[in-house]
4 protein chains.
Amino acid sequence: MSAPPDSLSSRYAAVRAQTESLAGPLSAEDCALQSMPDASPVKWHLAHTTWFFETFVLESHAAHHEPFDRSYRHLYNSYYNAVGEQFPRAQRGLISRPSLEDIRRYRSCIDARMAALLDGGRLPEAALALVELGLNHEQQHQELVLTDVKHLLSLNPLAPAYREAPLDTAPAPGACGWTAFTGGLREIGASGAAFAFDNEMPRHPQYIAPFAIADRPVTNGEYLCFVEDGGYRRPSLWLSDGWVAVNTHGWEAPLYWRKIDGAWHEYTLHGLQPLDPARPAVHVSQFEADAYARWAGARLPTEFEWEVAAGTASGDGHFSGSGELHPRASGRDPLAAMLGGVWEWTQSAYAPYPGYRAAEGAVGEYNGKFMCNQHVLRGGSCATPAAHIRPTYRNFFPPAARWQFSGFRLAQ
Amino acid sequence: MSAPPDSLSSRYAAVRAQTESLAGPLSAEDCALQSMPDASPVKWHLAHTTWFFETFVLESHAAHHEPFDRSYRHLYNSYYNAVGEQFPRAQRGLISRPSLEDIRRYRSCIDARMAALLDGGRLPEAALALVELGLNHEQQHQELVLTDVKHLLSLNPLAPAYREAPLDTAPAPGACGWTAFTGGLREIGASGAAFAFDNEMPRHPQYIAPFAIADRPVTNGEYLCFVEDGGYRRPSLWLSDGWVAVNTHGWEAPLYWRKIDGAWHEYTLHGLQPLDPARPAVHVSQFEADAYARWAGARLPTEFEWEVAAGTASGDGHFSGSGELHPRASGRDPLAAMLGGVWEWTQSAYAPYPGYRAAEGAVGEYNGKFMCNQHVLRGGSCATPAAHIRPTYRNFFPPAARWQFSGFRLAQ
Amino acid sequence: MSAPPDSLSSRYAAVRAQTESLAGPLSAEDCALQSMPDASPVKWHLAHTTWFFETFVLESHAAHHEPFDRSYRHLYNSYYNAVGEQFPRAQRGLISRPSLEDIRRYRSCIDARMAALLDGGRLPEAALALVELGLNHEQQHQELVLTDVKHLLSLNPLAPAYREAPLDTAPAPGACGWTAFTGGLREIGASGAAFAFDNEMPRHPQYIAPFAIADRPVTNGEYLCFVEDGGYRRPSLWLSDGWVAVNTHGWEAPLYWRKIDGAWHEYTLHGLQPLDPARPAVHVSQFEADAYARWAGARLPTEFEWEVAAGTASGDGHFSGSGELHPRASGRDPLAAMLGGVWEWTQSAYAPYPGYRAAEGAVGEYNGKFMCNQHVLRGGSCATPAAHIRPTYRNFFPPAARWQFSGFRLAQ
Amino acid sequence: MSAPPDSLSSRYAAVRAQTESLAGPLSAEDCALQSMPDASPVKWHLAHTTWFFETFVLESHAAHHEPFDRSYRHLYNSYYNAVGEQFPRAQRGLISRPSLEDIRRYRSCIDARMAALLDGGRLPEAALALVELGLNHEQQHQELVLTDVKHLLSLNPLAPAYREAPLDTAPAPGACGWTAFTGGLREIGASGAAFAFDNEMPRHPQYIAPFAIADRPVTNGEYLCFVEDGGYRRPSLWLSDGWVAVNTHGWEAPLYWRKIDGAWHEYTLHGLQPLDPARPAVHVSQFEADAYARWAGARLPTEFEWEVAAGTASGDGHFSGSGELHPRASGRDPLAAMLGGVWEWTQSAYAPYPGYRAAEGAVGEYNGKFMCNQHVLRGGSCATPAAHIRPTYRNFFPPAARWQFSGFRLAQ
């Protein structure tokens, strides 16, 4: 947070450009639609991330700031009660105007003002911290742009591809090994030396019993065995709420799997593909991950076990910069690349660390108020920017959520 | 239906061009969104009306017809079970592709093939009848384009105008007079000499008791008295289902009325306007019309009374070609212009005329299968093409529907 | 309405005793439960019919009337807004106290006061009319006691019988004949000479086209052919709303039909029985009746056709006094016994007769406010008291309702 | 679990008699109704607890066991998929038969067989463990009998009392003190020496940071300050899901608080009472407890902190045997009586202890499958049998649940 302003300015420009690059292949129509209340239109993501800088940085720290458009304060507020009422989330897809062009102008305008502010120097620490937060916030929305447009396009009977490039093929990983860890008191969480979200702090001791963790996530091939063994029809494998979800939603396989003429396929951002047994299973809920683990005689790791293991992992991860927007088959090294590929469900409910305090003011609503009925995912995915992730990073979703790039690995 | 093909060809071109003209002021984003399950995206209307000609005319009557795109047969089928499964109505707003440009190409292609077919001559009567039906169908969708986009834009907190031109002002009509009719056996329905929908036939006798009908629809000013007299809070004025609707939806005024800083306004296709007491009340449900009538010590006319009265009315109506897309204040003549302005709710449930038979085949689903829990509206509106309407025309909607240009006049 | 008070007094006693007799076979538990919002607990029926006499007769006409229990005014008001707020209909089954014994005491107390009032003589005409209305009201609830407890017991996996006596067997009727009627102006409705509900009046002319009507209702055997011919899987046979109902509720047969080990059975008030092909089909919605008629190449009669035909019918009907609470097989005479057996769906929407006016005051809510989205049934059933029915009687339910003893006959 | 059979036999008789004693003041009607899907009819509790012994003990361990009634296996199965399909939970209140008398006969019959089995001696350890589990299970349902009938009676506008005896009055506790604890590794959970549920095991180390805990639960008087300070209208005090719950359900105070003519009252099992500010706040959700804690500048304890503190508490608790079925005002000693009074919400999500394994077979569904989206409550209440509770006991409910005797104390 004490990085020199010129470096922050260039990072600001790079992150903002990256967001626009992700929207590049999409038409105004693609960007306007909302496929479900959990997802948002791409246009909304483009506007809301800009609103974040305008509301939290420019309003307080730019001299003589005039709103770009007074109606945006309400229209693009996601969930900050301290800023005021929010336009209803489920109706974000009912707003054809402002147009995509209007929002591009909005971005340009705010970017120019932010550049002036950042290049003007002498910003207080609190302002720099908010810019840093805004960039990390924008990176989160970069991933949501991909998951939300994937969900939208998946509902289209034409199954259009977001990216036309074919998916690489890779050799299948071998049988999955296990890496064992001794138990004891371990320090968990971020130290605060570099940027981290408030929910990763404070760093604190946790007692962890001895455990072993799988060297890679569960693959499509392995998951298919679970499906074909009647996994979705055996209540004894499921948590009670999970079994309700299976029956309410009619789940029979991961979100984007489709059986066409007897053969399993998977809808991806690269279009509809034959199911590749070597790649990790993805777009499963925590309920499905948990049921698979029970079927396999194992369990999901806690987030603390995961973090301890990730501290020893090595190798390059697979992130959004790779151009391949679907998780690749794992390599054969033990615990290689725990970051990237797929977000990994843990068994841990999302809860405050001992001594956690949310920030003062509106940005205090960023993380803390969601610490109920959600579970922690770790590690980032093929849709995450590489610069955004770290071993202490805590992502969180309700246990029935499936539209993120969510997979899992086993523990014992 | 025996009009010479060349005349049909030019009418075909004119009706199709009119549809595109209505979509002219709208962006691709405006055309892609769906505001509620009852309404459809404009893009869908543009495609579905084209699908109608392709499916019902070209498939059967054009030599060597190749589908423009095989997926459209499913994607743009509205409710014809005989044609096959339909893409779910409530999800029409989730389809960003085909794009608006794709649909414009679709229209051009089908129009060229239709022109060739119509200009080629020698079409059987059945085919000509289907073209005629398709043109009337397209005119119905022209009105829906306006009502559906009005609903969409009304949800936008910016209250954008579809048409920027200001609304004309007109003198208020005087107190409402009544025109009396003697009772007796009267012939009701269309003779079949000119085009009419199957639900207007067969022409048949109805016994009608003596009645009187108001010379014009109820105005905003009159309706405001009902509102201010607590009309929406007095259960004794409402049908049982109507009272449920009032409380379920929180109705306090017609659909597009808004109280802003203590003053009533009305959202129109020309933008937000101060409520004009001289204009007809519009966008009310049949429940509201019925409650108003009870409050006023009157009742709604039956559709038969309305048709008898309309047979004696004179004067020019106000239709979509006028450029003014909001109903004008009525003139002062008795029963002037019962066609145009606002659709008028009747008390009649939508039911088959004695001896009614739906057409054979898929187009038999056009009207007949909706003859349950809907009520008849008569007369057309300011959003109806003038050439589309006639005194025997039966429009129908559920009694709680409000997004059409629906008003009412009283009877005794 | 001008019957001498002593006769009214004895009829009062007889009707009231009959209600209690119907509740006789039921335990306090049977009487307390509510199976769905449309149905009410038997205890509620016992209380509400008593409330009717207390509220509409004793409150106004008894000297020094003190309420039996002030809380009952609210607790047992069904839908009379003019009397005040109503206890929510869907929660009638959540009230364990007052107990069944309390309600029996309530009935005794009000009966004693009514007897004193009626025997005291000199009641004004208006009061006598309300007593008459109350007795007819109680007879309607006698039928509801049977239909509601039937629905409740049907949900019990033990399928208990309300009446243990076995069902009589009867010879199957022959093939169904038709009786033809000439068209013309006919007088419809009740003259007012004897008691009739306000919705049967005023008597008025209707023009009726020539028609033919079936000599008896459709039988189980005939309806089974429709089921086995895929009637519930062919959308072309159904009204649009009917097809939605089929799919929403998963209808595959009439409400109480059950296929057990490959053989059709029917749950009746006499317990579960093998389906008797000779008896009338019963517990069907209007949607099912209409789809059957379309399948059979016929249609449902209008309520006016039905009334004209019923004026010529002869023979004894099958009513609740028979001890057999399931419709019997029809005889072989043309148009024998159009009253009794099963209520018969007509195609007519429930609407006011020309010149209809609801009564003044709270009892004006009795019938008029339901004239929307309901359809007319005629003729009474095996659960109707014989003294309650007449050819002009108009019963009404929404087209999807199935828990009444509703069947149908065809017309052409 | 190795208690001699004769002692088990007498405990069996005592626990079973206690259940019937709780149902004593209730009529057959009171026992048949179900107020919401979460609650069950008292008759169902009487039957299900008996089913537990029949299904899990007699079926496996009694010689020549014949089912009392074959239909009960399905009818009274709560949620054991391994036993077979369950009668739908939300429909338990639709079963008027078997009658309460039938269920009393069922209990007598099974009790006689269980007595014979227990007195016959030589039962294997596994069978004795199941009897022990069944007795603890029955004690849990004893509390549910009280909470479920309280909910049912609370919906009755007559507000009937379950117990007529007046509530004792007690002096208000003074200001709340805090007791501090040093941090470190602490052993958590049950050792297995005495009976405990599987979810209390295995005993394992947890690292706990230093903390302080309030000496008593929050009182009505304190909670009223929160209410009057706008606690239910300030989103900044609530978790995101909690704020949704407040608005969805219209919460303005704890479940049974009612403002009557400007004065707060509380519905209790002893009838409607003026709100006693000295008694603990009860029938609050975890969302409300959490919001109050945030308002008070404190937090909820974790379940581990609570257990550590409870290990040091002293004094007699307030349990169901006291005859007073509403929580009493706390005494003035630090950490007196952490058991009894009100269940206390913790901030801990309900999760398996490290190394947790559910039992084999159907009883393995007892606890483990609910470890998702629930939170832990500790300590028991005034409706808990004294012999049933211990410091390691983990109760669990969703964070929005309010109908249990749930209160809370603060931590720092």
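Reminder, nothing fancy here: chain letters follow the sequence lines and each chain counts from 1.
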Using non-hydrogen atoms and a limit below 4.5 Å, what part of residues 37-48 of chain B faces chain A?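 At a heavy-atom separation under 4.5 Å, chain A is reached by B/Lys43.
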What part of B/Leu158 lies closer than 4.5 angstrom to a heavy atom of chain A: side chain, backbone, both or neither?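 B/Leu158 touches chain A through side-chain heavy atoms alone.
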Output the option from A/Gly93, A/Ser27, A/Cys31 having the highest count of non-hydrogen pairs under 4.5 Å with chain B.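 Between A/Gly93, A/Ser27, A/Cys31, the count favours A/Gly93.
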Test item: B/Ser99 and A/Asp30 side chains (from C-beta on) under 4.5 Å apart, heavy atoms: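 SC-SC contact between B/Ser99 and A/Asp30 ruled out.
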Do any of residues 143-155 of chain B come closer than 4.5 Å to chain A, heavy atom to heavy atom, and if so which ones, in number order?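 Expected list: B/Leu152, B/Leu153, B/Leu155.
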Please give me the minimum heavy-atom distance between B/Ser96 and A/Glu29, naming the atom from each residue.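 Where B/Ser96 meets A/Glu29 most closely, the heavy atoms are O-OE1, 3.6 Å.
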Check salt bridge (Lys or Arg N to Asp or Glu O under 4.0 Å) between A/Glu252 and all other residues, then give those that pass, not counting sequence neighbours.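 Salt bridge (Lys or Arg N to Asp or Glu O under 4.0 Å) check on A/Glu252 returns nothing, list empty.
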Where along residues 66-92 of chain B does a heavy atom come under 4.5 Å of chain A, listed by residue number?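 Counting heavy atoms that sit under 4.5 Å from chain A, the residues of residues 66-92 of chain B involved are B/Ser71, B/Leu75, B/Phe87.
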Shortest non-hydrogen contact from B/Leu94 toward A/Leu33: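 For B/Leu94 versus A/Leu33, the nearest heavy atoms are C-CD2, 3.6 Å.
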Do you know the tightest heavy-atom contact between A/Leu26 and B/Arg97?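 Shortest heavy-atom contact: CD2-NH2, 3.9 Å.
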